[in-house]
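Below is one structure; the comments refer to it alone.
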4 protein chains.
Amino acid sequence: MTLEVGILGYRFMGKAHANALARLPMFFPEAPDVERSVLIGRDESALADAADRLGFDSTATDWEAVVDDVDVFYNLGPNHLHAEPAIAALEAGTPVFCEKPLAPTLEDATRMADAAADADVPAGCAFNYRFVPAIRYAKRLLEAGELGEIRQVRGRYLQDWLVDPDAPWSWRNDAELAGSGALGDLGSHTVDLLRFLVGSDELAGEIERVSGHLQTFVDERPLENSDETRAVTVDDAYSAQLAFENGAMGTLEGTRFATGHKNDHSIEIHGSKGSLRFSLERLNELEVLRADDRGYQTILVTDEDDPYVDHWWPPGHVLGWEHTFVHENYEFLSAVADGDSFEPSFADGLAAQRVLSAVEESDDRGEWITLE
Amino acid sequence: MTLEVGILGYRFMGKAHANALARLPMFFPEAPDVERSVLIGRDESALADAADRLGFDSTATDWEAVVDDVDVFYNLGPNHLHAEPAIAALEAGTPVFCEKPLAPTLEDATRMADAAADADVPAGCAFNYRFVPAIRYAKRLLEAGELGEIRQVRGRYLQDWLVDPDAPWSWRNDAELAGSGALGDLGSHTVDLLRFLVGSDELAGEIERVSGHLQTFVDERPLENSDETRAVTVDDAYSAQLAFENGAMGTLEGTRFATGHKNDHSIEIHGSKGSLRFSLERLNELEVLRADDRGYQTILVTDEDDPYVDHWWPPGHVLGWEHTFVHENYEFLSAVADGDSFEPSFADGLAAQRVLSAVEESDDRGEWITLE
Amino acid sequence: MTLEVGILGYRFMGKAHANALARLPMFFPEAPDVERSVLIGRDESALADAADRLGFDSTATDWEAVVDDVDVFYNLGPNHLHAEPAIAALEAGTPVFCEKPLAPTLEDATRMADAAADADVPAGCAFNYRFVPAIRYAKRLLEAGELGEIRQVRGRYLQDWLVDPDAPWSWRNDAELAGSGALGDLGSHTVDLLRFLVGSDELAGEIERVSGHLQTFVDERPLENSDETRAVTVDDAYSAQLAFENGAMGTLEGTRFATGHKNDHSIEIHGSKGSLRFSLERLNELEVLRADDRGYQTILVTDEDDPYVDHWWPPGHVLGWEHTFVHENYEFLSAVADGDSFEPSFADGLAAQRVLSAVEESDDRGEWITLE
Amino acid sequence: MTLEVGILGYRFMGKAHANALARLPMFFPEAPDVERSVLIGRDESALADAADRLGFDSTATDWEAVVDDVDVFYNLGPNHLHAEPAIAALEAGTPVFCEKPLAPTLEDATRMADAAADADVPAGCAFNYRFVPAIRYAKRLLEAGELGEIRQVRGRYLQDWLVDPDAPWSWRNDAELAGSGALGDLGSHTVDLLRFLVGSDELAGEIERVSGHLQTFVDERPLENSDETRAVTVDDAYSAQLAFENGAMGTLEGTRFATGHKNDHSIEIHGSKGSLRFSLERLNELEVLRADDRGYQTILVTDEDDPYVDHWWPPGHVLGWEHTFVHENYEFLSAVADGDSFEPSFADGLAAQRVLSAVEESDDRGEWITLE
């Protein structure tokens, strides 16, 4: 059986997933066969070019016609276009893989998660950083109790592409289209990663209370190729404090104003027996300090028995950012083919959204917010 | 003229300051002459031993007799003993150098700052990290505008000496004696360092609003050499979010539960033109990213024209933690001798205290607190 | 026009190049079209599996039949099989891409370079590390004179897969089959990289004299799945000292016994105006110190205008080891299609071989050897 | 009993040792009492100033009158003044502490070691880096067999104070006065450190054969405050390859031309079970990889039970370069007081000299040199 995949969105994320699909046969031969069947977009000419480049059989400008035709539907469009197509696909019994954040609003995210709960097929939220080998390896350590009780966590996602006040306005600066700024775009990754790593009952449990802080440093930006400016209606940066169910505490940060940092997503965890650190810009490495260690070990997570590594190259032949997409596509499509469940699911996407929404509400009201 | 110095406290801080005084003549010959005159404490035998070792001429068990006899009074005792002797000395016209945090309560700190304001002599709060060469060098860069407008700051002080639940109870775990836990002990350093670096009107300005989070992970601890336990009534860790006067945002953390971290005090600053990072465990280094840089430069701040360095050794011959005390004693005693003012002053100590107190109040009330 | 490629060798290097060819259309659309036409090997069943997995149209067990049939011939077999097929292909006018080291002996390498000189088609030696974006960026800096006169260089390639004396014997431990051990396998990369970076007349010039040191730590190893052992007849590690034409000096090391190092290939260069450092295990980074810098900048070489990066992902989305193969295949195939020359050529392969051969001779004779 | 110490030399090393002597009572109360008795030099006015600053009771311009008057004689003068005063002191039964390298020539060093062998008192060569806590800790690990059989070592000492061709000529550039350049000044430290760490019979054993390379990049330099230049007759940089008694191999480098490196003395060791790394610019840290580790641990060697640390400050309160002098003075003076032997001795100084001399001879003759 070959799975026919329809994909909405052909820019950054479209390319990342198309590449992942193309690489599966050579490196994950046990993955289901996949056909890049339909590429969906609005600008016909750009779409045709992209379909050609990305190896799609056909194109469509209307997602409605596609979502129940294909075997799998990927929604990689802008945030405000996540809900309707995803829900339609799920209602048609088509498995859905949706980019993060799940939706621009908590309401949309809830509707999507409800649709997923009612459907009989996998609905995945594409938090790709769960699929970094070093992160999977960290999870192994955490689940084996190597760090003991979780006391403190720290998550930061630092970028700098808006430092320049003349950097052009885009949909990512607009509350209607994006929902929020750094909070949703970057924070959703960080929240999901922390939930993945320490969110189980045996570790920190879920995030229970949050205090948030949002800030917009540059209030309006020029439109590209235009004399006009448009208002920035989302946050440029956010921070948050977290209280977890089982007593751990944490801090979060996400920003597009960290001068000099390009894509620096880092996680730090302190437990009663050990600590660990990870940074996306050195994604092949994990720093781990365990009970009998006196300092962090800098571990190159490229050994044969490290997660996913046996599919690739010998020890020390490092992987890149894009490999996380191959891994998540492999897992998602395998779940589809085998009728298994898949995580991160829409429920995970919603859970992250709830935290982000509480951060926003906290900033608004100037008080800690308890999640239900 | 030789300044006769009386010092209350002969343990860790007593040793650090006595050493600093002893080293001045060889390395800072322009410093005023100083006599380690009287060492003050309660346990006569331990005191005599310490006076002998630390080079004091005499001892006293009663500070009241000393504070107006000596030319300078150092208060290095536990926090709850800061206020009375310091105020008495100032009222007697004796310059005072007091360890941080200034006091266990905002009330005490206010009384001390008031006494200092009424006095005609320097009253210094011994925030020694202002005197790290790399920190002074950072301040030079900041004041020269090299980082542009300050957008985000981050301060963390990570220790791990209480991770073990059987680590013995001490006065530092008691609210009466210490005021607070990690918050006052570690947080006072971090708040002062950030105020020093970015607190001027031209940069971030003062901290205006805070949200705080305090946590105690281990509720009681064994008394040393005893079967009994005593309650821990202070925080083991704190975090905070900051809003500065001029629009910058920040996060703070201090903890005695960061497994594997011994004395890891770090500061990170992002401005519109550049960024910098500093960590106390590598105190000879400063990481700086400037307008035309593509990555952080790791600068070894040991060149001849770096702050204080010409007093010591050639480039690359690194300094240690204790040198910060030599620098601060040099500056404080020079101010005393010359009748100059000294910073960090009691007013700075109080300013830090106000922030910490607001963090505590915020944690208590579950809402952001605006500093007056 | 579509180039039909025949490839000898289907293990590690076969997979690396097949993957590179497969990825060109999506990321380098301007590359010539390529068909993975014939895969050549001896073990028919393993070969058939590999051809299927790696996307080849057909297989062959006899290279002679293939080398003038295809448009391009890749020789990725063991070192002792490099010369004959490569020479035959060149004599048939077929462009050849050959894995490094060019040959197990200087004689073979010379014959191959002679054949390449007589041929009218590109003959490339696949030193893939020339195609790391950070290395290309380093070359830009060097050629622009940013480091000034080159004074000292350092190259090290550290692996640890033979530390265990029970690690099984392979052809790589045999002088007949491999030529040499760490020297040829690792040293050829290091010598080529240094020649690429500083070998021009304006910089250090060619390597003129060498002193070498070879060592075998474990003299025999078990055959896999057998009670027998076989002699190790190559070096486990080598070191060398270099004198360059223009007065620079250097040191080299390569080893399979650097406990804990997997694939740690590093280069360090000191010039009269600056210095730089690179390590393959962090291949997205380059450390650079320039005239006005006080410390090394850690540069993430993933900006849009960095070499090859515009073909991939946004800044900070790091690449992996395998991307170097995509870049070198792109360059080599473009040269083939356009009738251009390609570097590193067989002449470069021979030049590296001459240095390695002199290192071996120096070790043998206990004296410095001058290269002609 | 108080030891009266006479010291020849009052510049950099004079200050370093005077400071060390001054700090012993407070931090090493069990050290013998010491009086800074006589400071010896030629320039009476500079000498008087230095004696005043460094706390000496008196001065002398003639060492001959001093060496049998004092209880201990320190020779901290330029290299060509090491032999005569040291030998005279030893002949007079006065313990001698001499700065490194022991002498500018092998002949002098041999005479000094002979005199030490004939004397009944300690004769120490002041290789201070043996007294870095992290180095002592490394030695503990090595002696406990934690790294297994030693396979490869690497030592580098990188400085850059001569990169500028206009940096003024000094005695350190003159073969008569200094013996050699980077080789003796820097290389003596590196050779001694490697001998200290791995030189025992159970580990690598002594260095048996060497190949050397010396280079002078700038042939003449201006005299300070003058229009004249003077010839540089020593090496600006050296490298060497080493073969140890028990089969290990090594490389050495020392240079005054490593742009951007101030005092970067680093050691790396690979054994059959583990590896370690140390760099002087981060002298509180040791990187260690042991049998069950997957990466290097970065250990902050400041715990209470780490070598010498209990004399100083709590964990994480880092030491500086100068503390190594306190430790070595403590050990040397204790040996003097107790009639014990002291290492590094003049024999160790001679052993290092033999290696350096062989490196020079190897460079001269273009061949490997076997040490007798």
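Just so it is clear: chains get the letters A, B, ... in the order the sequence lines come, proteins before strands, and each one is counted from 1. Please read all numbers here as calculations on a predicted model, not as lab measurements. Note: hydrogens, waters and symmetry copies are ignored here, and every other heavy atom, side chains too, is used.
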Does B:D310 have more than 12 heavy atoms from other residues, nucleotides or ligands lying within 6.0 Å of its CG?
yes

Are more than 12 heavy atoms from other residues, nucleotides or ligands located less than 6.0 Å from atom CD of B:E304?
no

Is a side-chain N or O of C:Q297 found less than 3.5 angstrom from the main chain of B:Y296, in a donor-acceptor match?
no

Using side-chain contact (heavy atoms from CB on, under 4.5 Å) as the criterion, point out the one residue from B:L300, B:D306, B:V288, B:L286 that pairs with C:R294.
B:D306

May I ask you to say whether B:R290 pairs ionically with C:D293, meaning some side-chain N is under 4.0 Å from a carboxylate O?
no

